[in-house]
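To start, the structure itself, in C-alpha cells.
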Amino acid sequence: MSGQTLTLPSPAKLNLMLHILGRRDDGYHELQTLFQFLDYGDELTFAVRDDGVIKLHTEFEGVPHDSNLIVKAAKKLQEQSGCKLGIDIWIDKILPMGGGIGGGSSNAATTLLGLNHLWQLGWDHDRLAALGLTLGADVPVFVRGHAAFAEGVGEKLTPEYPEEPWYVVLVPQVSVSTAEIFSDPLLTRNTPPIKVRPVPKGNSRNDCLPVVARRYPEVRNALNLLGKFTEAKLTGTGSCVFGGFPSKAEADKVSALLTETLTGFVAKGSNVSMLHRKLQNLL
Ligand SMILES: C[C@@](CO)(OP(=O)(O)O)[C@H](O)COP(=O)(O)OP(=O)(O)OC[C@H]1O[C@@H](n2ccc(N)nc2=O)[C@H](O)[C@@H]1O
Ligand SMILES: Nc1ncnc2c1ncn2[C@@H]1O[C@H](COP(=O)(O)OP(=O)(O)O)[C@@H](O)[C@H]1O
C-alpha cells in the first residue's frame, strides 16, 4: 500500500444566508445558515507511507505545520482509527485564507475522506463528520458533500437544493477574524428562527454583514461595487463578497470589470461537492 497516491479537490463554500439566533452558555452562537459549494478550490495530493509519519510538504505562511488543519485532521484520524500507516501531503492552495469561503475546513474534510479511502478504514460519513466537528464547525458539511441548511453551530445539517447560479466572488485583501466579529457588541444576535424548509425567499440576509462592513472599508467597497450589478452578499464572517448571475458569460463580464481594481474569481455554485463527485468516480 505504501506509495499509493490520490489527488482530490477541496472546494470552497458560500453561506447563502446566515442568521444569528442567540448566544449559548459556552459563548458560541446559535446559527441558521445555508451552505452551498463552489466548483472552485484547492487540490490535495496524498501518498501513503508505511512508517506512520504524517508530513505536509507545502508550507503555509503564518500557519505552523502542526497547526495546519490538514495535519490536525490526519493525526486525529490516525489516532482514533489506530491506523499504523502514515501520509505525505501536498496542496495546491488557491483559496484565500480567512475569507469565509471555508478553505481550512474544506482541506480538513478532503484529508479525512482521502485518508479514509487510502488507509481503507471504512468509516461512514457520520463518523467522519463527528470527528470533523472537533476541528471546526464548517468541516461536517464538507464531509457530507451536499448543500445544506445548518443549525446549532453548523453541525445539524439538512440537505437543501438551492439554485446553482454562476457567482462572482470578490476577495478583499483583508483577513477577518471570526472571533472578533462574534464578540462585537453591535452584532445582531436575536433573529427569530426559520421554521419552514426550504428556506423561504427573502431570508438571504447575513447578520454579520453590518458589523464586518463597518469594521472593514475594503469589504464595504467590494459590496458597493458588486452591488451595482446584482445583490451583493457576504459569506460567513467575510471577507469575501459574492453575487449570483444566470450565466457564465454574465458573471465573466462583471468580473472582468471589477477585477481591474479588485481580486476575484468566477465559479459555479454546486449542490454536490466536486470532492464527492470525484470520490464517486473512484468507487
Ligand atoms: C460563522 C462561520 C460560518 O460558516 O464563519 P466562517 O468561518 O466561515 O467565516 C463558521 O460557522 C465559523 O465556524 P468556525 O470556523 O469553526 O469558527 P472559529 O473560527 O473556530 O470561531 C472563532 C470564534 O468565533 C466565535 N464563534 C464561532 C462560531 C459560532 N457559531 N459562534 C461563535 O461565537 C467563538 O468565539 C470562536 O472561538
Ligand atoms: N489548511 C488550511 N487552510 C487554510 N487555513 C488554515 C489551514 N489550516 C489552518 N488554517 C488557519 O485557519 C484560518 C481560517 O481559515 P479558512 O478556513 O481559510 O477561513 P474561513 O474560516 O474564514 O473560511 C486561517 O486564517 C489559518 O490561520
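All residue numbers in this chain count up from 1 along the given sequence. First listed ligand is number 1; within each ligand, the first listed atom is number 1.
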Could you tell me, atom by atom, which parts of ligand 2 come under 4.0 Å of a heavy atom of Ile70? 1 (N)
Could you tell me whether the side chains of Arg24 and His29 share a donor-acceptor contact shorter than 3.5 Å? no
Tell me, which protein residue and heavy-atom name are nearest atom 3 (N) of ligand 2, and how many Å apart are they? Lys93 NZ, 3.1 Å
Protein contact of atom 16 (O) of ligand 1 - nearest heavy atom, named by residue and atom, plus distance: Ala137 N, 2.9 Å
Answer yes or no for Lys13: is there a heavy-atom contact with ligand 1 below 4.0 Å? yes
Got Leu262 and Leu226 here, is their nearest side-chain heavy-atom distance under 4.5 Å? no
Taking the six-membered ring for Trp, is the centroid-to-centroid distance between His146 and His125 below 6.0 Å? no
Could you find the nearest protein heavy atom to atom 26 (N) of ligand 1 and give me its residue, atom name and distance? Phe182 CD1, 3.4 Å
If you draw a 6.0 Å radius around CG in Asp25, do more than 12 non-hydrogen atoms from other residues or ligands fall strictly inside? no
How far is atom 29 (C) of ligand 1 from its nearest protein heavy atom, and which residue and atom name does that atom have? Tyr28 CD2, 3.4 Å
Atom 23 (O) of ligand 2: closest protein heavy atom, distance to 0.1 Å, is Gly102 N, 2.6 Å
Can you find a pair of side-chain heavy atoms, one from Leu16 and one from Glu160, that are under 4.5 Å apart? no
Dump the intermediate steps for side-chain hydrogen bond (donor to acceptor under 3.5 Å, both in side chains) on Ser204 and Glu231, then the final yes or no. CA-CA 10 Å; Ser204 66; Glu231 186 191 1; 3.0 Å; yes
Asn107 heavy atoms within 4.0 Å reach ligand 2 at atoms 1 (N), 2 (C), 3 (N)
Check for me whether Leu31 has a heavy atom closer than 4.0 Å to any atom of ligand 1. yes
Any chance the side chains of Asn107 and Lys93 put a donor and an acceptor closer than 3.5 Å? yes
Taking atom 19 (O) of ligand 2 as the point of reference, which of Gly98, Ser10, Ser105 owns the nearest heavy atom? Gly98
Atom 8 (N) of ligand 2 [closest protein heavy-atom partner, distance rounded to 0.1 Å]: Leu69 N, 2.9 Å
Find out whether Leu234 and Phe242 are in side-chain contact, i.e. whether some heavy atom of one side chain is under 4.5 Å from a heavy atom of the other. no
Do Asp92 and Asp42 make a side-chain contact, defined as non-hydrogen atoms from C-beta onward lying under 4.5 Å apart? no
Nearest heavy-atom approach of Cys208 to Thr237 is SG-CG2, 3.9 Å
I need the nearest protein heavy-atom contact for atom 17 (O) of ligand 2: residue, atom name and distance, please. Gly104 N, 2.8 Å
What residue and heavy atom of the protein are closest to atom 26 (C) of ligand 2, and at what distance? Val63 CG2, 3.9 Å
Give a yes-or-no answer on whether the side chains of Arg144 and Ser273 include a donor-acceptor pair shorter than 3.5 Å. no
I'd like to know if Lys55 and Asp88 make a salt bridge, using a cut-off of under 4.0 Å between side-chain N and carboxylate O. no
Going by atom types only, do Tyr161 and Gln36 share a side-chain donor-acceptor pair under 3.5 Å? no
Going by atom types alone, do Asp207 and Thr188 pair a side-chain donor with an acceptor below 3.5 Å? no
Protein heavy atom at shortest distance from atom 1 (N) of ligand 2: Asn68 OD1, 2.9 Å
Closest heavy-atom approach to atom 4 (C) of ligand 2 among Lys72, Glu61, Met97, Lys13 is made by Met97
Lys13 and Ser106: side-chain donor and acceptor closer than 3.5 Å? no
Considering only the protein, which heavy-atom contact is closest to atom 24 (O) of ligand 1, and what is its distance? Ala179 CA, 3.5 Å
Evaluate Gly100 for polar contact with ligand 2, using N/O atom pairs at a separation under 3.5 Å. yes
Tell me, please: is Gly27 in heavy-atom contact with ligand 1, that is, under 4.0 Å? yes
Residues 60-70, side-chain donor-acceptor partners within the protein, below 3.5 Å, at least two apart:
residue, atom, partner, partner atom, Å
His65, NE2, Leu56, N, 2.9
Asp66, OD1, Lys75, NZ, 3.4
Asn68, OD1, Ile70, N, 2.9

With a 4.0 Å cut-off on heavy atoms, is Gly99 touching ligand 2? yes
For the residue pair Phe142 and Phe37, is the inter-centroid distance of their aromatic rings smaller than 6.0 Å? yes
Any protein heavy atom at under 4.0 Å, with atom 13 (C) of ligand 2 as the reference point? no
What residue and atom, counting heavy atoms only, is the protein's closest point to atom 3 (C) of ligand 1, and at what distance? Asn15 ND2, 3.7 Å
Numbered atoms and elements of ligand 1 in range of Gly136, under 4.0 angstrom, heavy atoms: 16 (O)
The atoms of ligand 2 lying under 4.0 Å from a heavy atom of Gly103, numbered in the order shown, are 17 (O), 18 (O)
With the threshold set strictly below 4.0 angstrom, can you tell me whether any protein non-hydrogen atom sits that near atom 35 (O) of ligand 1? no
Min side-chain heavy-atom separation Pro96-Ile101 under 4.5 Å: yes
Nearest non-hydrogen protein atom to atom 12 (C) of ligand 1, with distance, is Thr178 CG2, 4.1 Å
Shortest protein heavy-atom distance from atom 31 (N) of ligand 1, along with the residue and atom involved: His29 N, 2.8 Å
Ile101 heavy atoms, cut-off 4.0 Å: which ligand 2 atoms fall inside? 23 (O)
Please report whether ligand 1 has a polar contact with Ser105, defined as an N or O pair separated by less than 3.5 Å (distance criterion only). no
Looking at atom 21 (O) of ligand 2, tell me if a protein heavy atom falls under 4.0 Å from it. no
Show which atoms of ligand 2 fall inside a sub-4.0 Å distance from at least one heavy-atom site of Phe60. 1 (N), 2 (C), 3 (N)
For ligand 2, is any non-hydrogen atom under 4.0 Å from Leu95's backbone (N, CA, C, O), its side chain (CB onward), both, or neither? neither
Protein heavy-atom partner closest to atom 4 (O) of ligand 1 - residue, atom, separation in Å: Asp138 OD2, 3.0 Å
